[in-house]
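Comments concern the structure below.
Naming: A, B, ... by sequence-line order, numbering from 1 per chain. On a predicted model such as this, the values are computed, not experimentally measured, just so you know.
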Amino acid sequence: MPELPEVESVCHRLRNTALGATIVRATVYRPQMTHPQAPAKLRRSVAGRRITAVERRGKHILLRLDGDITLRVHLRMTGNLTVIPDARLRPETTRIWFDLDDGRALILNDPRALGRITVHRSAELPDLLKGLGPEPFDPSFTPAYLAEAAGRTAKPVKIFLMDQKAVAGLGNIYAAEALFQARIHPAAPAREISARKLKALHSSIVGVLTTALHSAISAYGTAGRFTEGEFFPAAVYGREDQPCPVCRARIRRIPQGGRSTYFCPRCQR
DNA sequence: AGTCACCTGATT
DNA sequence: AATCAGGTGACT
């Protein structure tokens, strides 16, 4: 599921469901998902604590509990954090289960079980999140900042965008979409891109994420789940061999960093 | 900077 | 049977 817009929409929904509830007990079905901590630490830390805030930093969800405990949840590829009314609605792929005091349950549902959930004191958080670049909607994320960051690396620009320390929250889809809108070839070395193009890239990053965020919140907010095709209609992502919506050239797929990158060979040079 | 491992399910 | 997947951390 999740890049920044989807993670934010999960947070949005949790604020309307989990906020204020008290966790009675945690059950860990996949101990490795609490790595590098022991599952017992999670169980011990959450019992009897109330959820006081739901925050997001990059793709990380921060569940604030009273008594200065923060659960940091990362959904990775297929995770979802959601409240269900009762055990009858328990998905087969539930990996962590939190009983709430009103009979509902907060669950981490994650078919691939690649997600992570760890427990922290608030004092540890800055260190924990220090590798993350600015939030794309933060005033500090400016074209000048992007140019400065890009200037320091010879990495292909798409790899640069997906590296969370340039800017937090972009993943494979929205990095590709932003590059398409800015008409930049995904394999171009970041430091060789003109200031003019980087300015366009800055705008397209903010624009793509804004549109996707609204789409993700309305899709998830109503149905309570993401549904195929309700997202931002991708111009290039997943469209190998289909015509570019701008110039009709055939969309290409190339491997980058072990994943697929989609782009229009005519629009993006 | 590139490759692989972590996991499982869907698709070819 | 093989390949792919909206991610990341640990290796070369």
Side-chain angles (χ1 to χ4, degrees), chain A residues 1-11 28-37 56-61 72-81 91-96 108-118 127-133 136 150 152-180 186-192 205 208-209 211-217 219-220 225-241 252-263:
Chain A
M1 271 193 341
E3 299 181 37
L4 184 151
E6 293 77 26
V7 174
E8 181 58 34
S9 84
V10 168
C11 290
V28 179
Y29 299 100
R30 290 297 183 106
Q32 82 272 22
M33 293 178 74
T34 67
H35 180 85
Q37 299 175 345
R56 179 193 57 74
R57 180 74 174 89
K59 301 175 194 171
H60 301 258
I61 298 168
R72 183 200 37 176
V73 182
H74 198 298
L75 303 174
R76 295 284 186 98
M77 300 280 270
T78 53
N80 194 8
L81 191 61
E92 203 61 36
T93 48
T94 299
R95 307 308 187 194
I96 315 270
L108 178 56
N109 178 18
D110 186 353
R112 285 176 72 178
L114 294 172
R116 289 292 180 269
I117 178 162
T118 50
D127 205 46
L128 203 67
L129 302 171
K130 68 171 187 278
L132 293 178
R152 279 179 314 203
T153 179
K155 282 181 183 167
V157 61
K158 170 151 178 288
I159 304 292
F160 163 76
L161 290 181
M162 289 179 63
D163 180 348
Q164 301 298 298
K165 68 181 190 260
V167 50
L170 284 172
N172 204 27
I173 292 182
Y174 300 124
E177 294 295 313
L179 288 167
F180 171 75
R191 68 158 66 119
E192 289 173 23
I205 289 169
V208 159
L209 292 177
T211 308
L213 181 57
H214 292 147
S215 161
I217 285 182
Y220 193 52
R225 61 194 167 83
F226 293 108
T227 313
E228 202 71 40
E230 278 186 291
F231 293 101
F232 191 144
V236 289
Y237 181 82
R239 299 191 166 273
E240 184 181 22
D241 292 339
R252 307 294 289 272
R253 178 166 74 105
I254 57 170
Q256 277 190 305
R259 344 242 342 251
S260 290
T261 295
Y262 299 87
F263 70 106

Which residues share a ring pair (Phe, Tyr, Trp, His ring centres under 6.0 Å) with A:Tyr262, sequence neighbours left out | A:Tyr237
Take A:His74 and A:Gly258, find for each the nucleotide of DNA chain C with the closest heavy atom, and name the residue whose nucleotide sits nearer the 5' end.
-> A:Gly258
Pick base, sugar-phosphate or nothing for A:Tyr262, based on heavy-atom distances below 4.0 Å to the nucleic acid.
-> sugar-phosphate
How is A:Ser260 classified with respect to the nucleic acid when contacts are heavy atoms under 4.0 Å: base, sugar-phosphate, or nothing?
-> sugar-phosphate
Separation of A:Lys165 atom NZ from C:dG7 atom C1', in whole Å?
-> 15 Å
Determine the contact category for A:Gly171: base if any of its heavy atoms lies under 4.0 Å from a base atom, sugar-phosphate if only primed atoms, P, OP1 or OP2 are that close, otherwise nothing.
-> sugar-phosphate
Partner set under side chain to side chain donor-acceptor pair (under 3.5 Å) for A:Arg252, not counting sequence neighbours | none
Name of the residue among A:Thr118, A:Val7, A:Val10, A:Leu81 meeting side-chain contact (heavy atoms from CB on, under 4.5 Å) with A:Val73 | A:Leu81
Between A:Gln164 and C:dT8, is there a side-chain N or O to OP1/OP2 distance below 4.0 Å?
-> yes
Across all chains, not counting sequence neighbours, the side chain to side chain donor-acceptor pair (under 3.5 Å) partners of A:Glu8 are A:Arg15, A:Arg56
Check: A:Asp110 side chain, A:Leu114 main-chain N or O, donor-acceptor pair, under 3.5 Å | yes
Which residues share a side chain to side chain contact (heavy atoms under 4.5 Å, CB included) with A:Asn109, sequence neighbours left out | A:Pro91, A:Thr93, A:Ile107, A:Pro111
For A:Thr211, check side chain to side chain donor-acceptor pair (under 3.5 Å) against everything at least two apart and list the hits.
-> none
By ring pair (Phe, Tyr, Trp, His ring centres under 6.0 Å), A:Phe180 pairs with (sequence neighbours left out) none
B/S/- contact track for nucleotides 5-12 of chain B, protein heavy atom under 4.0 Å | -BBB----
Whole angstrom is fine here: how far is it from CD in A:Glu240 over to P in C:dT3?
-> 15 Å
Mind checking which stems touch DNA chain C? I mean at least 3 consecutive Watson-Crick or G-U pairs, both distances under 3.5 Å.
-> B:1-6 with C:7-12, B:8-12 with C:1-5
Rounded to whole Å, CG of A:Leu4 lies from P of C:dT8 at a distance of 11 Å
Which whole-number value in Å describes the distance from A:Leu75 CG to C:dG9 P?
-> 14 Å
Go through the structure and list residues passing side chain to side chain donor-acceptor pair (under 3.5 Å) with A:Arg253, not counting sequence neighbours.
-> A:Glu240, A:Ser260
